Amino acid sequence: MIRTVIIMVVVLAVNGFASSCQSSSHQDVTKKTPPYQRQNEMVRILALGDSYTVAEGVKESESLPIQLAVELRKDSLKVDTPQIIAVTGWTSSDLMRAINNSNLANPYDLVTLLIGVNDQFQGYDEDSYATNFEKLLIKSIELAGGVSNRVIVISIPDYSVTPFGKRFGPSRIRAEIDRFNEINRKIAENRGVDYVNVTEISRRASEDPTLLAPDGLHPSAKMYAEWVELIAPVVKSSLGK
């Protein structure tokens, strides 16, 4: 699960905080107007994670963030190319370090967060993951302009059903993934953030090998498309579409 290449799709039209010197009347308008309608701006997406976000094993065009953008455009939304901060093998602490070292201009209209499989795989304890994940979620909300419903937490897929996972004790992996997901779900709920469970889809790979990439571990474009079917309606609701 380790690759050292950092993929960041840098968007030319990067976000900027609305000026604090705006008049109160203008602020009232922006609060009531969905972000994609403000001054005809494009929807800006920031995708944070690990190999499941950077799409290890498939084409970049088949990744979760890119497929999500394509799906949103079908509803006449103007969606910019997602900015991706993710690397195969990253733990929650790796992701936080990368965010802190990145020159991110916010707010973003949508921030997705999917992280934790490498914390589990590398043997980090649950308390450590809980602490790091909460920090990441707080940062994600900040990057979304402080608006919690513009952040979506995605559950950790279960790789125990893959040929790779079967070599490392699938029963143990499944149980640990469930516990890690219970942690990130509760934190998301406490912060008022939408949570999308893709774990059950990932487990269908035990019977449907077409859901896996050729590496026998990561999702295929087909699985990512099924994730998008769950995520897109949540995004559209948060954008007021």
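What you see is a predicted model, and the numbers here were worked out from it, not measured in a lab.
Put simply, the side chain of Met96 does not reach to within 4.5 Å of the side chain of Asn132, judged on heavy atoms. Leu211 places none of its side-chain heavy atoms less than 4.5 Å from the side chain of Ser202. Counting heavy atoms from C-beta on, the side chains of Leu95 and Asp50 never come closer than 4.5 Å. Contact check for Thr53 versus Pro65: side-chain heavy atoms found under the 4.5 Å cut-off. By the 4.5 Å heavy-atom criterion applied to side chains, Val87 and Val54 are not counted as neighbours. Contact of the Leu48 side chain with the Thr112 side chain is not registered, since no non-hydrogen atoms from C-beta on lie closer than 4.5 Å. Residues Val153 and Leu137 form a side-chain contact, since some pair of their non-hydrogen atoms from C-beta on lies under 4.5 Å apart. Side-chain contact between Glu176 and Ile173 is absent, with no heavy-atom pair separated by less than 4.5 Å.
For the pair Lys78 and Glu41, the salt-bridge criterion is not met [side-chain N within less than 4.0 Å of a carboxylate O].
Sorted by first then second residue, the ring pair (Phe, Tyr, Trp, His ring centres under 6.0 Å) pairs that include residues 166-188, not counting sequence neighbours, are Phe121-Phe168, Tyr129-Phe180, Phe164-Phe168. Pairs of residues two or more places apart, or lying in two chains, that qualify as salt bridge (Lys or Arg N to Asp or Glu O under 4.0 Å) and include a residue from residues 62-72 are Glu71-Lys74. Pairs passing the salt bridge (Lys or Arg N to Asp or Glu O under 4.0 Å) check and including a residue from residues 159-171, sequence neighbours excluded, do not occur.
Under the rule for a salt bridge (Lys or Arg N to Asp or Glu O under 4.0 Å), Arg73 has no partner lying at least two apart in sequence or in another chain. Checked against salt bridge (Lys or Arg N to Asp or Glu O under 4.0 Å), Arg203 has the following partners two or more places apart in sequence or in another chain: Asp158, Asp178, Glu200. Annotation: salt bridge (Lys or Arg N to Asp or Glu O under 4.0 Å) contacts of Lys222 (sequence neighbours excluded): Asp208.
Across every non-hydrogen atom of Ala98 and Trp90, the tightest pair is CB-CH2, 3.2 Å.
Taken together through direct or relayed side-chain contacts under 4.5 Å among Ile, Leu, Val, Met, Phe, Trp and Tyr, Val147 and Met42 form parts of separate hydrophobic clusters. Taking hydrophobic clusters as Ile, Leu, Val, Met, Phe, Trp and Tyr residues chained together by side-chain heavy-atom distances below 4.5 Å, Leu104 shares a cluster with Leu114. In the hydrophobic clustering of ILVMFWY residues, with side-chain heavy atoms under 4.5 Å counting as a link, Val58 and Val161 come out apart. Under the 4.5 Å side-chain contact rule for hydrophobic residues, Leu230 and Tyr224 share a cluster.
A distance of 11.0 Å separates CG in Leu136 from OG1 in Thr131, rounded to the nearest 0.5 Å. To the nearest 0.5 Å, atoms NE2 (His218) and CG (Leu212) are separated by 10.5 Å. One distance of note links CD of Glu226 with CD1 of Ile231; it measures 12.0 Å at 0.5 Å rounding. Here the straight-line distance linking atom CZ of Arg44 with atom CG of Asp109 works out to 5.0 Å at 0.5 Å rounding. For the atom pair OH of Tyr195 and OG of Ser155, the computed distance is 4.5 Å after rounding to the nearest 0.5 Å. Once rounded to the nearest 0.5 Å, the distance linking OG1 of Thr81 with CD of Glu60 reads 9.0 Å.
Inspection of the Tyr124 and Asn118 side chains reveals no N or O donor paired with an N or O acceptor under 3.5 Å. Asn181 and Thr199 share a donor-acceptor pair across their side chains, judged by distance under 3.5 Å alone. In this model, no donor atom of one side chain and acceptor atom of the other lie less than 3.5 Å apart for Ser128 and Asp125.
Side chain of Gln67 to backbone of Ala221: a donor-acceptor contact under 3.5 angstrom is found.
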- Task: Given side-chain contact (heavy atoms from CB on, under 4.5 Å), test Asp119 with Ile156 step by step and report yes or no.
- Result: CA-CA 11 Å; Asp119 294 70; Ile156 305 168; over 6 Å; no
